[in-house]
Amino acid sequence: MFTENIRWRKMVDMRSSDGFYPSPVICLNDKEIPGLYVKREDMIPYSFGGNKARKALLFFKEIDEGDYDCVVTYGSSHSNHCRVIANMSAARKMPCYLIGPAEVSDTTFNSRLMDILGVEQTIVPVEEVSDTIDKKLAELKSAGKKPYFIAGGGHGNTGTQAYVDCYEEIREFEQTNGIKFDYIFFASGTGTTQAGLVCGQLLNNDYRKIVGISIARKNPRGRDVVLSSIKEYFNECYPEKGITSEQIEEKTIFLDDYTGDGYGKDSNEIKSIIKDSLIRYGMPLDATYTGKAFFGMKEYIQKEGIEDKNILFIHTGGTPLFFDEIIG
Ligand SMILES: *Cc1c(COP(=O)(O)O)cnc(C)c1O
């Protein structure tokens with residue numbers, strides 16, 4: 001057992017079915033939207049939390065159970081995913097090789113954390129990232145190493161599974177507290193957070209709207225990536241359920257109206273909602289992910305006139321970005 005597992009474990013009497021703390025859900029006591037709650041994934045107690053911590057825990061479960069001695073992944077110097085993977089690798093004294101695009105390689109709080117955690121970085125022009133990963137894996141294997149490869153952002157069925165688990169936590173919260181969320185909103189990027197939530201919904205046959213707010217990708221591509229993650233998960237994990245494409249399509253709502261200029265580019269509107277959230281709720285958001293999603297959610301609520309519904313916002317983390325982008 002490694003430190004992060006022990007730290008995550010609940011007291012026996014509070015333990016959820018899988019033995020881990022659910023992340024906290026709080027009511028914002030917002031006057032205009034009284035039923036607005038936030039699931040604070042940013043408070044997952046490992047390496048500043050976030051959805052990448054939830055996904056990484058499952059990747060490292062596979063690493064711990066398998067025969068691996070190093071980790072290879074990729075992402076920019078802003079990547080929350082790379083920071084968490086670097087942290088879990090360092091805890092195991094496993095070398096962690098990061099491939100990053102030169103175009104986004106400026107110094108950030110995440111990159112400084114990765115430096116402290118002792119990652120080995122290879123920075124190349126973005127179009128060479130994919131080949132460089134292949135070369136790095138081949139090089140390690142021919143040197144007799146056993147690398148575990150993690151796709152950027154924790155993409156793939158393991159990442160999806162992490163958010164099927166999160167969906168179960170949401171259901172447990174609802175049952176314990178006698179509440180039912182009519183809507184769930186969150187920032188959608190490479191899409192497995194959304195894929196996992198939709199898979200959880202389909203497995204439970206729940207009625208509600210799960211709304212992913214794109215932080216970069218436009219439709220149809222953005223939504224297609226989510227759809228294919230969902231299909232891949234059901235094909236591999238639940239082929240017997242016979243979930244159809246129509247069922248999947250019906251449940252997958254991917255809004256691309258709030259992307260601004262995409263990753264890392266922020267508008268004054270987003271900055272002002274981030275400041276407002278800090279003042280009103282004491283809750284940090286960032287300009288790349290959660291700020292856009294929170295802004296998009298508020299607009300959607302107003303447009304649809306659903307202020308009286310029970311609404312859950314999933315705070316997907318990114319606290320180091322709050323310091324980069326808002327504090328500076
Ligand atoms: C990566 C990330 C997302 C997007 O998650 P996906 O599963 O890639 O869609 C959202 N918020 C934060 C803070 C992230 O780091």
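The first residue in the sequence is number 1, and the count goes up from there. All ligand and atom numbering here is 1-based and tracks the order in the structure.
- Contact annotation: for Q194 versus ligand 1, there are no heavy atoms closer than 4.0 Å.
- With S111 contributing its side chain and T108 its backbone, the two residues share a donor-acceptor pair below 3.5 Å.
- In summary, the atoms of ligand 1 found under 4.0 Å from a heavy atom of T316, numbered by their order in the structure, are 10 (C), 11 (N), 12 (C), 13 (C).
- With a heavy-atom cut-off of 4.0 Å, N51 touches ligand 1 through its side chain alone.
- Checked options D257, T259, D256; the residue passing with K218 is T259 (criterion: side-chain hydrogen bond (donor to acceptor under 3.5 Å, both in side chains)).
- Between the CD atom of Q201 and the CG atom of N205 there is a distance of 9.0 Å, given to the nearest 0.5 Å.
- The ligand atoms of ligand 1 that sit less than 4.0 angstrom from a heavy atom of T193 are 5 (O), 6 (P), 7 (O).
- Near N80, meaning under 4.0 Å from any of its heavy atoms, are these atoms of ligand 1: 13 (C), 14 (C), 15 (O).
- The ligand atoms of ligand 1 that sit less than 4.0 angstrom from a heavy atom of T190 are 6 (P), 8 (O), 9 (O).
- Residue G191 holds the heavy atom nearest to atom 6 (P) of ligand 1 of all those in G153, G191, P320.
- Of the candidates H155, K52, E41, H78, the one placing a heavy atom closest to atom 14 (C) of ligand 1 is K52.
- For K251 and F234, the positive end is not near the middle of the six-membered ring at less than 6.0 Å and at most 45° from its axis.
- The same ILVMFWY cluster, assembled from side-chain heavy atoms under 4.5 Å apart, contains both F186 and V226.
- The side-chain hydrogen bond (donor to acceptor under 3.5 Å, both in side chains) test with Y163 singles out one residue from K55, E41, Q194, and that residue is E41.
- Under a 4.0 Å criterion applied to the non-hydrogen atoms of G318, ligand 1 contributes the atoms 13 (C).
- Taking all heavy atoms of A162, G189, G317, G196 into account, the minimum distance to atom 4 (C) of ligand 1 is reached by G189.
- Residue Y148 is tested with Y68, F60, Y97 for a ring-ring contact (aromatic ring centres under 6.0 Å, His included); the sole match is Y68.
- Heavy-atom proximity to S188, at under 4.0 Å, picks out these atoms of ligand 1: 9 (O).
- Taking a cut-off of under 4.0 Å to the non-hydrogen atoms of A187, the atoms of ligand 1 that pass are 4 (C), 10 (C).
- Classification of the F313-H315 ring pair by plane angle, with boundaries at 30° and 60°, yields perpendicular.
- Residue contacts with ligand 1, taken as heavy atom pairs separated by less than 4.0 Å, involve T192 via backbone and side-chain atoms alike.
- Proximity to K55 (heavy-atom distance under 4.0 Å) selects the following atoms of ligand 1: 6 (P), 7 (O), 8 (O).
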Query raised in the report: For C166 and K39, what are the C-alpha separation, side-chain angles and deciding distance, and is it a side chain to side chain contact (heavy atoms under 4.5 Å, CB included)?
Result: CA-CA 10 Å; C166 178; K39 185 163 174 66; 3.6 Å; yes

